[in-house]
Amino acid sequence: MFKRIVLLGPPGAGKGTQAKLLAAKNGLAHLSTGDILRDEVARDTELGRKAKGYMNRGDLVPDGLIIDMIKGRLAEKSGFILDGFPRTVTQAEALEKILSIDVAINITLSREEVISRLSSRRVCRKCGKIYNLLYNPPKNEGVCDACGGEIFQRDDDKREVIENRYDVYMEATAPLIDFYEERGLLKDVDGSQPTEKVSEDILAVLGR
Ligand code: AMP
């Protein structure tokens, strides 16, 4: 089975949800640069202070900061799922120098669907579980089913920011589809399907 996995796709395609499922079932490390950065912001670290403005606008944090941040965390891992990294060709080239990956799974989703999903996305502040008010709401409003934590809306899941994030994705990140295609590593999965079906399709790609 493939063990060094990159998840590509626009914001809201389900990378975080799928990465959590895959990591739990297959003993792989889940590395989400977005989650790491949000934690740095919450702890008000030097990196967090540098990253915050970019994140709130839906812009990308500069490549140098991201590459330094991820380098050390990848070094000792034999199997991992990268969620939200790489996000630019510069980051993908830096990753190639650190180690090789087995597969890049591109979870596809239309612009309309991205906007609708992100506006209704909510996240547990405590355990990070992802909800969607339309398809997968928590049983009790505002309370996480898994851990009882508070459910909130990310600052960058507000309408104006969502549209910018999609534009940034198209400009900076979508070129990675060709980048991995050229290396024979790309596999597409239709992200508009229900979570369980997307998960099955990913497992099929991974050779399970
Ligand atoms: P995400 O949770 O993956 O949607 O990431 C949230 C925000 O964190 C993004 O909109 C960016 O501002 C920043 N971010 C996360 N990963 C990266 C990355 N690989 N490169 C640059 N910025 C990133």
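All heavy atoms count here, side chains included; hydrogens, waters and symmetry mates do not. One is the number of the first residue; the rest follow in order along the sequence. Counting starts at 1 for both ligands and their atoms, in listed order.
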> Heavy atoms under 4.0 Å from ligand 1: which residues qualify?
Replying inline: T33, G34, L37, R38, M55, D59, L60, V61, I66, G84, F85, R87, Q91, R154, D156, R165

> With side chains defined as the heavy atoms from C-beta onward, is the minimum distance between F85 and Q91 less than 4.5 Å?
Replying inline: yes

>> Does anything in residues 187-198 form a side-chain hydrogen bond (donor to acceptor under 3.5 Å, both in side chains)? List the pairs, not counting sequence neighbours.
In response: N106-D188, D190-S192, Q193-D201, K197-D201

> What residue pairs, at least two apart or across chains, pass salt bridge (charged side-chain N to carboxylate O under 4.0 Å, His left out) with a residue in residues 26-36?
Replying inline: D35-R38

> How would you list all residue pairs meeting salt bridge (charged side-chain N to carboxylate O under 4.0 Å, His left out) that involve residues 103-115, not counting sequence neighbours?
Replying inline: E113-R117

> Can you tell if the side chain of N164 reaches within under 4.5 Å of the side chain of D59, non-hydrogen atoms only?
Replying inline: yes

> Can you tell me if D156 and N56 form a side-chain donor-acceptor pair at under 3.5 Å?
Replying inline: no

